[in-house]
Q: 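One structure coming up, written as C-alpha cells, with questions to follow.
First the proteins, then the strands, lettered A, B, ... as listed; each starts at 1.
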Number of protein chains: 2
Amino acid sequence: MIQSIERSSAVLRLLAAGPDRLRVKEIADALGLPKSTAHGILRTLEHVGFVEQDPRTTRYRLGRGLLDLGDAGLDVNELRSRALDWADALAARTVEAVRIGVLQGDSVRVIHHVFRPDDTTQAMDTGLVVPAHATSLGKILLAYDVTALSLGGLDPYTRKTVTVRRELARALAEVRAQGWASAVEEWESGRAGIAAPMRTFGGLVVGAIGIYGPVERICDSRLRPRPALVEQVRATAHAISRDLSGPRR
Amino acid sequence: MIQSIERSSAVLRLLAAGPDRLRVKEIADALGLPKSTAHGILRTLEHVGFVEQDPRTTRYRLGRGLLDLGDAGLDVNELRSRALDWADALAARTVEAVRIGVLQGDSVRVIHHVFRPDDTTQAMDTGLVVPAHATSLGKILLAYDVTALSLGGLDPYTRKTVTVRRELARALAEVRAQGWASAVEEWESGRAGIAAPMRTFGGLVVGAIGIYGPVERICDSRLRPRPALVEQVRATAHAISRDLSGPRR
DNA sequence: GACTCTCGTGCGACAATGTCGCACGTTGTC
DNA sequence: GACAACGTGCGACATTGTCGCACGAGAGTC
C-alpha cells in the first residue's frame, strides 16, 4: 500500500467531513503528521486540483478537480496558450510547419498551427479535423488514449495507410515504447509527420505536437524520420509537459 | 510535488474519462508506467475506496469512496464488528470495562461496551451518549477531529471537569502529543478512563476505545493513569488500527 | 479441445522519493 | 505594539515507491 496515497485520501475525507476550510495545522494534527508532511501532500493535491487554498485565509478546501475529473483541468484554450511559444520555437528550429492536436471522437482536431518559417503559400490548418490512424498526431493520441481503437473503419487514404486493426495496434505499441510517432505518406502522399505526446501530472496525455512537411525534408533517403528532427519534437514535447505539470493558472 | 499522488490523480482522471472500465495494462500504457507500478497505485486506490475492481473482469472503475468522501467508508456497524474481538481481549487483560465511542455532534456515542470480566452488576452502556470534554473517549475524538471545539458550553460535572476552553485546548494538544487520553473524575467522581484513537488509512481517526472504572484501579496513588494500563489500551488501539487499514470487506 | 498469447499479480533489490526536523517570515491576536 | 502561532521552504536521512522479472490464469484461436 502506498503511504502517501493513503494519506491523501485521509486528507480529502477530512476536508469533506469538515464543514468549513481547514488549516494545515488542523489537518496535520488530525492525522498525526508533521506540519511539513501535511503541507507537502496539500501542495500536491492543490497542484492536481483536488484541493484549493484560499489565498486570503490560507485555508484549504476541496477543489473543483474532484468534481470534473473528466478533463485534466485544462481546456483546449489553455493548452493552446501554454504550448504556443514552444510551437513557434519548434517551427523556427526545424524550419517546418508545426501542429498541435487533441483527440475529438475518433479523429484529431488541430487546435494550433504554425506556418513553416520560409514558406508563404500555406493553408491555415487550425480547426482542421484529420483522421487519427493515418497521422503522427493521431497515432500519439491513440497510443495513449484508452477510449481509442474503438473507432470505426480504418479508411485508406494512400497506399501506405494502415487499415488492418491488428497492424495498427502493433504500431501503437511501438509508439508507446519509443515515445514518439511518425506517419510517412499515410495521409497525403509526399508528406510526412513526426509527433510526440504532451503530458500533464502523472503522465496523463492531453495532446500531441508535431511537425509536418514534405517527405524529402522530414525523412532521410530510406524514408525514415530524421533522428535530429525526432529529437527536436521530443524535446519540445517534454518542455511543454514540464510546463503543463508546472504552476497552474 | 509528490509523484505517486500526481500519478493517482492521472489514474482517476483516466478512469473518469474512459467510458467503461479499464484494464491495468491500458492504464499503465496510457500513463507510460510499468504494469507493476500502475498495479500498485490501483491497489492502493482500491484500498481507500477511490476505485473498484470488478472481480469478474478484473477491470477497474471509479469507486464509491469518491462520491461519499464524508465518512471513512466504514459505518458504525462495521467499526463495531471490527473492534469487537479486540475489545473483549482488552477487557480480559485489563480486567476492566471497555467502551468504544464515536463522535456524534458535540458528544460521544458509545457504540460498544464490554462488561468488566469479574463484575456482574453493571449497566449496559451501548447507545449511551456522554459528554466529550469530560471523558477520555471524548478527549481522543476531540483531539483528532477538526470540527471539534466548536461545541457549546463546557458544562461542569465534577470539580475536576475542564470548563475553560483554553485549558481544554491545551489538554487536547497534549493528547495529540502523547497519543492517548485520560479523564480522572471529570465526568463521574470516583471513576476514571483511559482511551486511545482507532485510525484508518492515512491516519484518519474514526473512533476511540478505552477502559473505564474505579479510580483506585485505573490510577495509581497519585491519581495518575497506570502506565501498564495505558500501554494495554494503546496496543489494542494500534491493533485495531492495523485491522481497519487492512483488507476491506 | 488443446494450444498459445496476453494479462493480472506477486516478489525482491535498488535508488529515487517522500518524510521529518528545523528555521524563517508573516499573519492574526491579545 | 509585542507576542505567539501559523504557513512555508530547505536539507539530510531513511523509508518507501519504483522497476524488472517470473509465475499462473484466463481468454481467444486454430
Q: Tell me the interatomic distance from A/Ile5, atom CD1, to D/dT15, atom C1', rounded to whole angstroms.
A: 16 Å

Q: Does A/Arg170 put a side-chain nitrogen or oxygen below 4.0 Å from OP1 or OP2 of C/dT6?
A: no

Q: Would you say a side-chain N or O of B/Gln53 is under 4.0 Å from OP1 or OP2 of C/dT9?
A: yes

Q: Once you apply a heavy-atom cut-off of 4.0 Å, does B/Thr37 come out as touching a base, just sugar-phosphate, or nothing?
A: base

Q: With rounding to whole Å, what would you report as the distance between D/dA12 and D/dT16 at their C1' atoms?
A: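 Per the computed distance, 16 Å lies between those C1' atoms.
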
Q: Please tell me which of the listed nucleotides, D/dG17, C/dG21, C/dC7, lies nearest to the side chain of B/Lys25?
A: C/dC7

Q: Nearest of C/dT19, D/dT8, D/dG20 to any side-chain atom of A/Val24?
A: D/dT8

Q: Does A/Arg23 have a side-chain nitrogen or oxygen under 4.0 Å from the phosphate oxygens OP1 or OP2 of D/dG7?
A: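 So the side chain of A/Arg23 is within the cut-off, an N or O lying under 4.0 Å from OP1 or OP2 of D/dG7.
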
Q: With a 4.5 Å cut-off on side-chain heavy atoms, are B/Glu26 and A/Tyr144 touching?
A: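 Counting from C-beta outward, A/Tyr144 and B/Glu26 never come under 4.5 Å.
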
Q: Ignoring backbone atoms, test whether A/His39 places a side-chain nitrogen or oxygen under 4.0 Å from the OP1 or OP2 oxygen of D/dT8.
A: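 The answer is yes; a side-chain N or O of A/His39 sits under 4.0 Å from OP1 or OP2.
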
Q: Do A/Ser136 and A/Ser182 get their side chains close enough for a donor-acceptor pair, meaning under 3.5 Å?
A: no

Q: Nearest 0.5 Å, what's the CZ-CZ distance between A/Arg242 and A/Arg199?
A: 13.5 Å

Q: What's the CG-P distance between B/Leu33 and C/dT17, to the nearest Å?
A: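 To the nearest whole Å, that distance equals 13 Å.
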
Q: Take atom CG of A/Asp29 and atom C1' of D/dG7, then tell me their distance rounded to the nearest Å.
A: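 After rounding, the reported distance stands at 14 Å.
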
Q: Quick check for you: among D/dG9, D/dT18, D/dT8, whose closest atom lies nearest to any side-chain atom of A/Arg43?
A: D/dG9

Q: Just how far is it from atom OG of A/Ser36 to atom CZ of A/Arg43, taken to the nearest 0.5 Å?
A: 11.0 Å

Q: Once you round it to whole Å, what is the distance between P of C/dG10 and NZ of B/Lys35?
A: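 Value for this atom pair: 13 Å.
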
Q: Calculate the interatomic distance between A/Leu31 atom CG and C/dC20 atom P; express it in whole Å.
A: 11 Å

Q: If you apply the rule salt bridge (Lys or Arg N to Asp or Glu O under 4.0 Å), what do you find for B/Glu186 with B/Lys139, and how did you get there?
A: CA-CA 11 Å; B/Glu186 299 176 25; B/Lys139 286 184 182 176; 3.0 Å; yes

Q: Once you round it to whole Å, what is the distance between P of C/dT19 and CG of A/Leu42?
A: 12 Å

Q: If you check every side-chain atom of B/Ser36, which of C/dC20, C/dG10, D/dG17 has the closest atom?
A: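 From the listed options, C/dG10 comes nearest.
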
Q: With respect to the phosphate group of C/dC7, does any side-chain polar atom (N or O) of B/Tyr60 fall under 4.0 Å of OP1 or OP2?
A: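 For B/Tyr60, the contact criterion (side-chain N or O under 4.0 Å from OP1 or OP2 of C/dC7) is not met.
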
Q: Measuring to OP1 and OP2 of C/dG8, would you say a side-chain N or O of B/Arg59 lies under 4.0 angstrom away?
A: no

Q: Send over the distance from B/Leu45 CG to D/dG17 P, rounded to a whole Å.
A: 12 Å

Q: Quick one: B/His47 NE2 to D/dG17 P, roughly how many Å, whole number?
A: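 It works out to 13 Å between those atoms.
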
Q: Hey, could you give me the CD1/CE distance between A/Ile209 and A/Met198, rounded to the nearest 0.5 Å?
A: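 Between atom CD1 of A/Ile209 and atom CE of A/Met198 there are 6.0 Å.
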
Q: If each of A/Thr57 and A/Ile41 is mapped to the nucleotide of DNA chain C with the nearest heavy atom, which maps nearer the 5' terminus, i.e. the 5' end?
A: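 With A/Thr57 and A/Ile41 compared, the 5'-side residue is A/Ile41.
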
Q: From C-beta outward on A/Ser4, which listed nucleotide comes closest to its side chain: C/dG8, C/dG18, C/dA23?
A: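 In terms of side-chain proximity for A/Ser4, the closest of C/dG8, C/dG18, C/dA23 is C/dG18.
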
